[in-house]
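Letters A, B, ... mirror the listed sequences (proteins, then strands); counts begin at 1.
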Amino acid sequence: MSDALAGLGGSADAGALASPAPVPQESAAGATRSRFWARLLRNKVAMAGAIYLVLVVIAAIFAPLLTSHDETFATRFQDILFSPGEAGYVLGTDHVGRDILTRIFFGARYALIAGAEAVLVALVIGVPFGLAIGYFRGWADRIGMRFVEIVVAVPAVVMAMAIITGLGTGLTNAMLAIGLVFSMIITRLVRAEVFAAREEFYVDGARAAGASDRRVMWRHILPNVAPPLIVQTTLLFAQAVLAEAALSFLGIGADASQASWGRMLRDAELSIDRTIWPAIPPGIAIFLTVVAFNVFGDGLRDAFAREARGGRVGVGDVVPKERSAAAAPPRPPGSDDPLLILRGLDIVFPKPGEGTDMTVVRDVNLDIGRGEVMALVGESGSGKTITGLSLMGLVPDPGQASAESIVLDGRELVGMDFNDLRWIRGREIGIIFQEPSAALNPAYTVGRQVAEPLRVHLGMSKREARERAIELFAEVGIPDPHKRIDAFPHQFSGGMAQRVMIAMALSCEPKLLIADEPTTALDVTVQGQMLDLVGELARSRGVSVLLITHDLGVVADLADRVAVMYAGEIVETGRLTDVFATPRHPYTEGLIAAIPRNEPRSGDLPTIPGVVPPPWEWPDRCHFADRCPYEAIECRRGPVDLRQLGASLTRCERSHELELRGVQHAAVVAIAGWEQPTGEGEPA
Amino acid sequence: MSEPLLDIDDVTIVFPGGRGALPWQKLPEVRAVQHVSLQIDAGDTLGLVGESGSGKTTLGRAVLRFLRPESGSIRLGDFDVTGFGRQVPTEYRKTVQVVFQDPVGSLNPSMVVGAIIAEPLRIHFGMDSSAARERAGELLEQVGLQRHYLDRYPHEFSGGQRQRIAVARALATEPDLLVLDEPVSALDVSTQSQVINLLERLQRETGAAYLLIAHDLAVVRHTCHRIAVMYHSRVVELGESDDICERPTHPYTELLLASIPDPDPAVQHVKSQRRRELAQGVAGASGRAPTGSCPFAERCPHVMDVCRESFPEPIPTATGGTVWCHLHTSGPMLGGRPVSELAAGSSMAEASAPAADG
Ligand SMILES: Nc1ncnc2c1ncn2[C@@H]1O[C@H](COP(=O)(O)OP(=O)(O)O)[C@@H](O)[C@H]1O
Ligand SMILES: Nc1ncnc2c1ncn2[C@@H]1O[C@H](COP(=O)(O)OP(=O)(O)O)[C@@H](O)[C@H]1O
Ligand code: SF4
Ligand code: SF4
Ligand SMILES: [Mg+2]
Ligand SMILES: [Mg+2]
């Protein structure tokens, strides 16, 4: 392993990256911004639809050039000529001798024009209407929506027929009618999206900046409503094509002089007793066009949806990695019989904008003892969450995790059969996230969600699972568990929802609990109770905890041991008291100095200047060098290994000569160089 | 002393109940802010702390005139904010600006940074696009970012950088007051200090007053001259930062302080025990704000009968602040002295503190 990385470290060119790295099977293409297109292009069905639609557009535009026949008059070969292929009539002629292929080409025109008319009308009416009622809400919304609901309840074609009765027949009138009906669908969609977007802070920000209501609606809300609108428009186009065909078939759409596909079906009916052939080409054309619009719309939706969720649709597992030939790295300090032993975890993601890989977690080793609380600390972007997720086998797409070994309670997980893994993880590892409300399904009662794993993993009956869920609720300190179990997630405050999450994670009595920023979103007084609860679990039940956080105060309260992570690497690990009292890595010192404490102060708050750089900017030498006040020549030689110093491991070239200050000195640390405010333009 | 810049006088804010799942159901109204009076002097910083749901954001939104109080008045400079009609004067929008907590949601994802910062410049100063761009570049540099970021989209930035952009946008109108609604709560500890240092520097440079809403008392202490502690729709203590953080006179403030974890394991060991002593009932499980009693009664280790019967009158504290708590006039008669003078978790607390739930 370290061989491969040494090679990687030595030269930054792409060739070195490609060769010995054991990880990627499929290198997912694409940047954050161009991912949308990449995903769309990879969707074969959607692309087939798109290609077909391009052909239809070409046929529509160049119809007169594609054929020597005329749209309406070709009466030399009358209705006798039904057989395709004769006398230059590729698809034959209809009952009055018109060339069917020609009419199909021209039919594409009418289909597209009709679709465009309907969709245009729908957008012109629906978008402003939806924006207005979604933005102003109140009575405008209530009246508007009642109206919309009534119109939408009636099938579009029926509604259109009613409108045509008033407007008179004809293609444009028909499509106007269809467009009116569709506009209600657009209204409803835009309104719902505006409701959601209105809650976003940038909308308030724009209002505070003085933007008028109109500007807020059109400039700030509409662009962010565009993706679902585009999808819906595509799907409505399909419906419009179908509606046009239906209305023309009924004789209230295109008139006899217009070679619409629906009209062709109607004409074919006149000779249906002799042959059905004239009905087949327009039938196929309508069918394919509708399907093409639909699959293309679905493809757009998928591509947008993945975009919105940041690609967290699929998850992958940790794949095996060869053991490094180099000397084994020093063992992380800890107990002799740890519950979890993680060795050589690497995680790579495709680099945004390019196909190449970037390593976001490198060679992480962790031991977690039984009943021990191990804290993983570091600023965001360090790779803490992704490390925790990989233990759960939940590496988000398109990430690739590999490890030499993950031993949980004596069993090697790497390389194990997927289903066994699922099972073990479900029972033996529990996980809680920062945002409990996001991790609970709003559609089910919390009781059901807690009971679910009990039934799946422990084979409990419905009754037993419910009883146990009530017990669990009581154990995590939810008052009135009998009643609260039937409540929905939104009826819980943040702290209570986090207790539900903990109950869920504990339901199968896991040996390891991964807690990813479990208190970051909570009030401090709630946080205190949550820390007591987790501490109690570890102490009295012997559950091991991997506590992921950036708050050193939380760590000091709860942890037995600490691993400090920076830019994908563990830079220091050891016992809590050792690491906090005598940090061995400048980053640890910086984190300690930066924490605001309830003490009087003078001057600027100490900070770590700058930010965690993105993974593709991590240097081949010490990752922290750009922000380190102690950086010196020896720090520029190359990658730094973890080494033992005192009772801790540290990844710093100068650790042996530095006198770093721990928590007892935090008030004094301001002098040590942490004070210089940020890498920003000017000193304060 | 001259008139304060911002004068919030006896403000009560009520959200109508709205509709339940069934058409005839009406949900009860929410009294989000009750009888709150606060002042901020020009160029000064007032910290507003309290648990989530205590009404801090709602109060801030009333100052921004995103909503109108049911009663009471808000005055900012020469503007009678509660007297505005539906149309808020553009001039007022220029005077007060806002920075939100959420660094992801607070910038329009479909606009480049340059356009985001230029928007208020064009609205309020009528700048043309090149002048606005030039000024936006200056503002970016003022908040410690580089000018060439103007053409990037918000998603290309880290949380701390996004907050800097939000601050740059807020400063664009040269406001007299900045409402900072949890501006650093979503950031890493190290980044928090950077943004706080930045805000302090900008205050020295621009002279803007800040209403800093936060739930971390340690952060607020370092930034604010004065602090108001809110609990469940009420301000329960008000005073100089150091006094509030050293000698709290309200039991909730005391609990809040004990709950801030200290990174020194030895200190925290002692602190967490104190926290456990003080914590009664289940935190974060609060129902509707009561009107005629102390909102903290359900969780207060010192609760007395009188606490459930009336909301306390304001009492001046020994250090020149104000506290709303019956302990100062009944029972132990603290008379404005710090609550630490009571033995915490004393026997009178034990009997009458049921677990609360909402
Ligand atoms: N879904 C993802 N797609 C692309 N990159 C990701 C994804 N998740 C994480 N990363 C990368 O991994 C790095 C570490 O992320 P994370 O584990 O969330 O850090 P932390 O939890 O320490 O804040 C990020 O900087 C990012 O570059
Ligand atoms: N738009 C709203 N409609 C109804 N209730 C609201 C609304 N906004 C806030 N509330 C309620 O008002 C109370 C105070 O909320 P908020 O001001 O957001 O508190 P904080 O900012 O202190 O967390 C809460 O009980 C909340 O549920
Ligand atoms: S190796 Fe050098 S630059 Fe890196 S942390 Fe140590 S002293 Fe700082
Ligand atoms: S002593 Fe009474 S008034 Fe004071 S905080 Fe406790 S419950 Fe409220
Ligand atoms: Mg994380
Ligand atoms: Mg708030």
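- Among residues 179-188 of chain B, the residues having any heavy atom closer than 4.5 Å to a heavy atom of chain A are, in sequence order, B:L187, B:D188.
- Taken to the nearest 0.5 Å, the NE2 atom of B:H124 stands 8.5 Å off from the OG1 atom of B:T95.
- B:R169 places no side-chain N or O within donor-acceptor distance of the main-chain N or O of B:I116, the cut-off being under 3.5 Å.
- By the 4.0 Å N-to-carboxylate-O rule, B:R221 lies close enough to B:E246 to be salt-bridged with it.
- Proximity to chain A (any heavy atom under 4.5 Å) is restricted, for B:Q192, to the side chain, taken from C-beta onward.
- For B:S110, the parts sitting under 4.5 Å from any heavy atom of chain A are the backbone and the side chain alike.
- When heavy atoms are compared at a cutoff of 4.5 Å, A:Q527 approaches chain B solely by way of its side chain, counted from C-beta outward.
- Looking at A:R215, the atoms closer than 4.5 Å to chain B (heavy atoms on both sides) all sit in the side chain, from C-beta outward.
- A salt bridge links B:R274 with B:E277: the closest approach of a Lys/Arg side-chain nitrogen to an acidic carboxylate oxygen falls below 4.0 angstrom.
- Because its NZ or CZ atom is not both nearer than 6.0 Å to the ring centre of A:F473 and within 45° of the ring axis, A:R499 does not count as a cation-pi partner of that residue.
- Proximity to chain B (any heavy atom under 4.5 Å) is shown, for A:D204, by both the backbone and the side chain.
- Each of B:E119, B:H215, B:R65 has some count of heavy-atom pairs under 4.5 Å with chain A, and the biggest count is that of B:E119.
- With sequence neighbours left out, A:F492 forms a ring pair (Phe, Tyr, Trp, His ring centres under 6.0 Å) with no residue at all.
- Between B:R275 and A:D532 there is a salt bridge, since at least one side-chain N of the basic residue sits less than 4.0 Å from a carboxylate O of the acidic one.
- Residues that satisfy the ring pair (Phe, Tyr, Trp, His ring centres under 6.0 Å) test with A:F580, not counting sequence neighbours, are absent from this structure.
- With a threshold of 4.5 angstrom between heavy atoms, A:A206 approaches chain B through its backbone and through its side chain.
- Looking at B:V96, only its backbone comes within 4.5 Å of chain A, counting heavy atoms on both sides.
- By the side chain to side chain donor-acceptor pair (under 3.5 Å) test, B:R122 is found to be paired with no residue, residues two or more places apart in sequence or in another chain being considered.
- Between chain A and the options B:A166, B:P265, B:G53, B:P120, heavy-atom pairs under 4.5 Å are most frequent for B:P265.
- With respect to chain A, the highest number of heavy-atom pairs below 4.5 Å among B:V219, B:T173, B:V267, B:I123 belongs to B:I123.
- With hydrogens and angles left out, the side-chain atoms of B:N108 and A:H220 include a donor and acceptor closer than 3.5 Å.
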